[in-house]
Amino acid sequence: MVYKASEHKAPLSDLRVIETGQLLAGPFCGQLLADFGAEVIKVESPGIGDPMRQWGREKPHGKSLWWPVVARNKKSITLNLRTEEGQKIVRDLIKDADILIENFRPGTMERWNLGYEVLSKVNPRLIMVRVTGFGQSGPYSSRAGYGSIGEAMGGLRYVVGDPSTQPSRMGISIGDELAAMHACMGAMFAIHARERTGRGQIVDSAIYEAVLNVMESLITEYDVAGYVRERTGPILPNVAPSNVFDTADGKLLLIAANQDTVFRRLAEAMERPDLAEDERYATHSARGAHQVELDDLINQWTKTWTRDDLETLLNKFGVPCGLIYKVEDMMDDEHFRERNTLVKVKHPDFGNITMQNVAPRLSDTPGQVRWVGPELGEHNDYVFKELLGLSDERQVSLRDAGII
C-alpha cells in the first residue's frame, strides 16, 4: 500500500530544527525529529550538498537510495557557512529556531562564529545538539572520530564476531546511529527542561559514549569480578539456550528459551519434560554452566524438523523463536504488512519506493513519513523569502556570490 499522510497533529510540529551536520550521526538525529513532525531545515553546501546524497549501494539515475531515507521529511537549503554572509543568515534563522544540530569537529562552529556562546545570545532558548566522535571536551575531543572508531573505543567491536576471527563490525553504521539516538533523546530532555527554566543548553553526544551506554554491565563486571567479555559468536556466555539451531531442510531458526519457565515449555515441546528437572538444566545458572552440551542436545532435536514445522510447534508451546530475516523475508512477512512496518513513499525519480516506517508508535500523535529526502536547495525560496524576507534580487545576489 502507498503510505498517505494523515491529518493528525504530530507531537513535534511546534518545533523548528536547523540541521547543519552531514553524513549520518547528526542527520539521523534530524530524521528522528522530522519523523515526528519537527520542521527540520537542512543546511547544505551550495552545489555539493551532503555526501549522503551520493552514498548507498546502487545509484539509479546517479542518485543515492540512502538519501531518501535519512533526509526524509526535511527541507533543504543551500548556504555556505564559511562566509560571513552565510553565517549571518544562520544566525537569523536561529532567532526562531528551537534546536540546532551539528556534527562537525569541535571548534568548527566557533570558527564560523556559530558557537553556542554566540547563538545563545541571539536566542537564549536555543538547544544546540553537538554530535562528535569524542565529545566537546577531553584530550581526544579534537580528533577526527567516525562511527567505527567510537564502536571500537566504546567496547562494541571487541565483543562482536566469532572468537576465531578478528573483531567484526555490524553490517550498519551502528555507532553513528546510537550517537544520533542519544542526541535526539538529549534534545527532548533539554526541551522539557526549557519548559521549567526558559533557557536552552548544549547537548553533547559522543559516539564512543553512546556505544558504551549500551554495553550493559561490561564495565562493572571487570571492576568487581575482573571478568572481560570476549567474542562468542551467536551466543552470550551463560545464557542458554539462546542460539541459532539447524533444521532438517538446511535452514536456521533462532530459539531463545533461557528463562526457567520458557525452558520448561521447550522441554515439553521436545517431549523431554525430564530436561527441566535435570540438575544440569533446571536453573538459569545450571544451563549456563552446561551451555555447550545443552545447545548440542537441542540442535540434534531441531535437525529432525523442517524450519516451518519447528516454528509452528514452538509458537504453539509459547517458546520464543525467530527466523533470521533477509530483506526479502521482511518484504513478504504478514506481520510487517499488517502493522505497516514498511511503507511506500512517492519519489520523483523512482516512483513509489519502500522504506522502514516511523518508530516508535504513538497512539494519538504518531509520526509519519511525509516525503522523501529533498532535492538540493529545494526549499530555498520558502526559507529565504518566506521565513527571512529576502527579496528575489537579494537571493540572486547571494547565489551569484556562491553564498546560497
Side-chain angles (χ1 to χ4, degrees), residues 147-175 177-178 181-182 207-247 251-270 272-303 305 307 310-311 314 317-325:
S148 57
I149 308 303
E151 293 164 24
M153 292 186 67
L156 181 63
R157 287 293 184 98
Y158 186 75
V159 301
V160 173
D162 190 87
S164 65
T165 68
Q166 293 293 330
S168 299
R169 71 167 296 161
M170 304 291 287
I172 57 174
S173 303
I174 190 68
E177 288 150 356
L178 285 172
M181 290 177 177
H182 280 75
I207 298 174
Y208 85 99
E209 288 177 335
V211 172
L212 182 61
N213 206 26
V214 300
M215 294 306 294
E216 302 172 352
S217 56
L218 178 139
I219 297 294
T220 309
E221 289 169 352
Y222 178 77
D223 180 52
V224 175
Y227 175 74
V228 177
R229 292 198 187 190
E230 301 287 347
R231 291 183 295 287
T232 54
I235 67 167
L236 284 177
N238 303 314
V239 177
S242 183
N243 205 341
V244 179
F245 296 93
D246 300 307
T247 60
K251 299 178 181 179
L252 300 172
L253 190 71
L254 195 150
I255 301 174
N258 45 290
Q259 188 179 349
D260 288 352
T261 54
V262 180
F263 181 69
R264 292 192 198 100
R265 296 200 294 269
L266 174 61
E268 291 287 343
M270 296 174 66
R272 289 289 309 275
D274 59 293
L275 293 176
E277 307 301 326
D278 191 314
E279 63 179 11
R280 295 172 297 173
Y281 314 128
T283 67
H284 177 80
S285 297
R287 288 191 298 278
H290 298 88
Q291 185 169 31
V292 175
E293 62 186 70
L294 177 59
D295 281 355
D296 183 64
L297 187 155
I298 294 170
N299 199 55
Q300 294 305 313
W301 173 72
T302 61
K303 288 195 294 186
W305 291 80
R307 186 189 67 178
L310 180 59
E311 183 186 22
L314 293 175
F317 279 84
V319 177
C321 63
L323 310 182
I324 299 177
Y325 275 7

Closest heavy-atom pair and its distance - [X], [Y]:
X      : Y      : answer
Val262 : Gly318 : CG1-O, 4.5 Å
Val211 : Gly175 : CG2-CA, 3.9 Å
Gly155 : Met215 : O-CE, 3.4 Å
Leu294 : Pro241 : CD2-CD, 3.9 Å
Gly322 : Leu253 : O-CD1, 3.6 Å

State the [atom1]-[atom2] distance between [X] and [Y], to the nearest 0.5 angstrom.
X      : Y      : atom1 : atom2 : value
Ser242 : Leu254 : OG    : CG    : 6.0 Å
Leu323 : Glu311 : CG    : CD    : 4.5 Å
Cys321 : Arg307 : SG    : CZ    : 10.5 Å
Leu266 : Phe317 : CG    : CZ    : 10.0 Å
Leu178 : Ser173 : CG    : OG    : 11.0 Å
Glu277 : Arg264 : CD    : CZ    : 7.0 Å

field: Worked verdict on Asp260 versus Arg287 for side-chain contact (heavy atoms from CB on, under 4.5 Å)
entry: CA-CA 9 Å; Asp260 288 352; Arg287 288 191 298 278; 2.7 Å; yes
Is there a side-chain contact between [X] and [Y], using heavy atoms and a 4.5 Å cut-off?
X      : Y      : value
Trp305 : Leu314 : no
Val160 : Arg169 : no
Leu252 : Asp246 : yes

- request: Please list, chain by chain and in numerical order, all residues satisfying side-chain contact (heavy atoms from CB on, under 4.5 Å) with Leu297, sequence neighbours excluded.
  value: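 Leu297: side-chain contact (heavy atoms from CB on, under 4.5 Å) contacts with Met270, Leu275, Tyr281.
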Which residues share a side-chain contact (heavy atoms from CB on, under 4.5 Å) with Thr302, sequence neighbours left out: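 Expected list: Phe245, Ile255, Ile298, Asn299, Leu310.
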message: Looking at Gln291 and Asn238, would you say the former's side chain and the latter's main chain have a donor-acceptor pair under 3.5 Å?
response: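 It does hold such a pair.
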- request: Could you tell me whether the side chain of Arg265 and the main chain of Val319 form a donor-acceptor pair under 3.5 Å?
  value: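 Pair absent, no side-chain N/O of Arg265 close to backbone of Val319.
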For a quick test of your reading: what N or O donor-acceptor pairs under 3.5 Å do the side chains of residues 226-237 make, sequence neighbours left out?
unit_1, atom_1, unit_2, atom_2, d
Arg229, NE, Glu221, OE1, 3.0
Arg229, NH1, Glu216, OE1, 3.2
Arg229, NH2, Ser217, OG, 3.2
Arg229, NH2, Glu221, OE2, 3.1
Glu230, OE1, Tyr158, OH, 2.5
Glu230, OE2, Tyr158, OH, 3.2
Arg231, NE, Thr165, O, 3.2
Arg231, NH1, Tyr158, O, 3.0
Arg231, NH2, Thr165, O, 3.1
Thr232, OG1, Ile235, O, 2.6

field: Chi angles and distances behind the side-chain contact (heavy atoms from CB on, under 4.5 Å) call for Leu156, Val214
entry: CA-CA 9 Å; Leu156 181 63; Val214 300; 5.9 Å; no
task: Start with the C-alpha distance between Arg280 and Glu293, add both sets of side-chain angles, then the distance that settles side-chain contact (heavy atoms from CB on, under 4.5 Å), and finish with yes or no.
output: CA-CA 10 Å; Arg280 295 172 297 173; Glu293 62 186 70; 3.5 Å; yes
